[in-house]
Amino acid sequence: MIRECKTSDKSLIFEIINDAATVYKGVIPTDRYHEPYMPMDELEKEIADGISFFCYEENSILIGVMGFQDKGEVSLIRHAYVRTQHQNAGIGQQLLNFLKEKTEKPILIGTWADANWAIRFYRKNGFAPVNKKEKNKLLKKYWNIPLKQIETSIVLADSKWRGENLKERP
Ligand SMILES: CC(C)(COP(=O)(O)OP(=O)(O)OC[C@H]1O[C@@H](n2cnc3c(N)ncnc32)[C@H](O)[C@@H]1OP(=O)(O)O)[C@@H](O)C(=O)NCCC(=O)NCCS
């Protein structure tokens with residue numbers, strides 16, 4: 001079952017994010033990796049900044065979370081995490097499909113450039129990376145992340161965003 005997370009789910013969201021994020025160790029820049037990857041105060045700040053978390057629950061246990069943030073003309077998918085033991089079993093896809101249904105707006109997703117598994121996951125679900133110039137512009141406009149993270153991140157856009165913003169070559 002997928003539902004919007006409640007305030008009382010906060011410690012489980014924290015647990016899931018920080019369990020799933022251990023995969024970043026040795027992959028993303030060392031100065032950006034720490035444990036917990038997302039401290040509680042950062043998670044609270046993200047929620048206060050308007051990220052709504054949705055969770056995948058099975059037998060009353062939270063297994064995956066995905067954040068959704070409205071940014072006016074676009075929607076962002078933020079912080080997608082499935083417990084390590086449950087990855088690659090279709091849960092991420094179900095969460096993503098659920099969030100896609102929530103908006104008519106174009107959807108953008110940011111992730112680490114070196115997180116090949118995540119890029120594969122998003123590509124499989126209809127998203128494609130935008131070029132470097134565009135991604136720098138988008139990360140500065142819609143995200144609030146340090147410059148170093150902008151350099152080492154990519155942005156993937158859905159077909160609606162690409163259709164509206166990228167001119168097809170004749
Ligand atoms: C990325 C993530 C949310 C996807 O959720 P999921 O439930 O594992 O994904 P699904 O089972 O729905 O989709 C599986 C697809 O995702 C990719 N994928 C997911 N986990 C993978 C893994 N451990 N190794 C390789 N590919 C993986 C593959 O493309 C796979 O499809 P394929 O096997 O046909 O190539 C989840 O794997 C995760 O939490 N990863 C660690 C944290 C992370 O990278 N989050 C993204 C932050 S933006």
Side-chain angles (χ1 to χ4, degrees), residues 1-5 9 11-30 32-39 42-43 45-47 49-59 61-71 74-103 106-130 134-136 138-139 141-146 148-159 161:
M1 176 183 108
I2 296 175
R3 61 167 174 82
E4 185 160 7
C5 300
D9 295 319
S11 57
L12 287 169
I13 299 173
F14 171 85
E15 188 182 298
I16 293 169
I17 291 177
N18 290 306
D19 165 59
T22 54
V23 71
Y24 293 145
K25 195 172 186 172
V27 177
I28 66 170
T30 42
R32 298 299 304 156
Y33 185 80
H34 34 76
E35 288 179 8
Y37 173 73
M38 185 180 288
E42 200 179 313
L43 174 61
K45 191 177 164 294
E46 292 290 66
I47 295 170
D49 277 354
I51 299 180
S52 315
F53 279 92
F54 289 78
C55 47
Y56 182 96
E57 189 177 46
E58 215 169 75
N59 302 323
I61 297 171
L62 294 201
I63 295 178
V65 296
M66 211 173 266
F68 181 86
Q69 191 172 24
D70 182 64
K71 283 283 177 177
V74 298
S75 297
L76 307 182
I77 301 288
R78 306 285 313 274
H79 309 304
Y81 293 95
V82 173
R83 285 187 196 269
T84 309
Q85 297 292 318
H86 296 267
Q87 286 173 14
N88 232 356
I91 293 168
Q93 185 166 53
Q94 287 185 59
L95 277 163
L96 188 55
N97 286 342
F98 183 90
L99 294 186
K100 280 181 182 171
E101 291 292 311
K102 277 184 62 65
T103 184
I107 301 176
L108 300 173
I109 303 176
T111 193
W112 296 102
D114 288 331
N116 296 327
W117 63 88
I119 296 168
R120 268 224 327 264
F121 166 72
Y122 293 125
R123 277 187 177 280
K124 227 179 108 176
N125 286 286
F127 290 80
V130 304
E134 201 67 60
K135 72 106 182 171
N136 287 338
L138 293 169
L139 286 169
K141 184 169 182 188
Y142 297 121
W143 277 259
N144 184 14
I145 56 173
K148 169 95 178 169
Q149 190 168 340
I150 290 181
E151 285 163 12
T152 49
S153 296
I154 65 161
V155 171
L156 298 107
D158 69 355
S159 56
W161 188 91

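Both counts, for ligands and for their atoms, begin at 1 and track the order of listing. Throughout, residue positions are numbered sequentially from 1 according to the sequence presented.
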* Would you say the side chains of Tyr37 and Glu35 form a donor-acceptor pair under 3.5 Å? -> no
* To do: With heavy atoms under 4.0 Å as the rule, classify the contact between Tyr122 and ligand 1 as side chain, backbone, both or neither.
  => side chain
* Structure fact -> The atoms of ligand 1 lying under 4.0 Å from a heavy atom of Val23, numbered in the order shown, are 41 (C)
* Structure fact -> Among Phe121, Tyr24, Trp117, closest by heavy atom to atom 4 (C) of ligand 1 is Phe121
* Asked: Can you find a non-hydrogen atom of Ala80 under 4.0 Å from ligand 1?
  -> yes
* Structure fact -> For Tyr33 and Ala21 the tightest heavy-atom approach is CE1-O, 3.5 Å
* Asked: Of the listed options (Gly110, Gly92, Ala115), which comes nearest to atom 7 (O) of ligand 1 when hydrogens are ignored and any heavy atom counts?
  -> Gly92
* Kindly check if the number of other-residue, nucleotide or ligand heavy atoms within 6.0 Å of NZ (Lys71) is above 12? => yes
* Structure fact -> Contact region, Ala89 to ligand 1, non-hydrogen atoms below 4.0 Å, reads backbone
* Would you check the N or O atoms of Ala20, main chain and side chain alike, for any that come under 3.5 Å of an N or O of ligand 1? => no
* What's the shortest heavy-atom distance between Lys148 and Pro29, and which atoms? -> CE-CB, 4.2 Å
* Asked: Does a side-chain heavy-atom distance below 4.5 Å link Ile13 with Ile17?
  -> yes
* Heavy-atom nearest neighbour in the protein, as seen from atom 39 (O) of ligand 1, with distance rounded to 0.1 Å -> Val82 N, 2.9 Å
* **Option whose closest heavy atom lies nearest to atom 20 (N) of ligand 1, chosen from Asn88, Ile91, Leu156** => Asn88
* Going by heavy atoms in the side chains, are Leu156 and Leu108 under 4.5 Å from each other? -> no
* **ligand 1 atoms in contact with Thr111 (distance to a heavy atom under 4.0 Å)** => 48 (S)
* Sub-3.5 Å N/O-N/O distance, Arg120 and ligand 1 -> yes
* Report the relative orientation of the aromatic rings in Phe54 and Phe68; use parallel for angles under 30°, tilted for 30 to 60°, perpendicular for over 60°. => perpendicular
* Which atoms form the tightest heavy-atom contact between Pro39 and Phe14, and what is the distance? -> C-CE1, 3.9 Å
* To do: Could you tell me which atoms of ligand 1, counted from 1 in the order shown, lie closer than 4.0 angstrom to a heavy atom of Gln93?
  => 12 (O)
* Do the charged groups of Arg78 and Asp49 touch, with an N to O distance under 4.0 Å? -> no
* **Nearest-contact summary for atom 34 (O) of ligand 1 - protein heavy atom, Å** => Lys124 NZ, 2.9 Å
* Asked: Considering distance alone, does some N or O of Gly90 sit under 3.5 Å from an N or O of ligand 1?
  -> yes
* Which atoms form the tightest heavy-atom contact between Ile119 and Trp112, and what is the distance? -> CD1-O, 4.0 Å
* Asked: How far is atom 36 (C) of ligand 1 from its nearest protein heavy atom, and which residue and atom name does that atom have?
  -> Gln87 CG, 3.9 Å
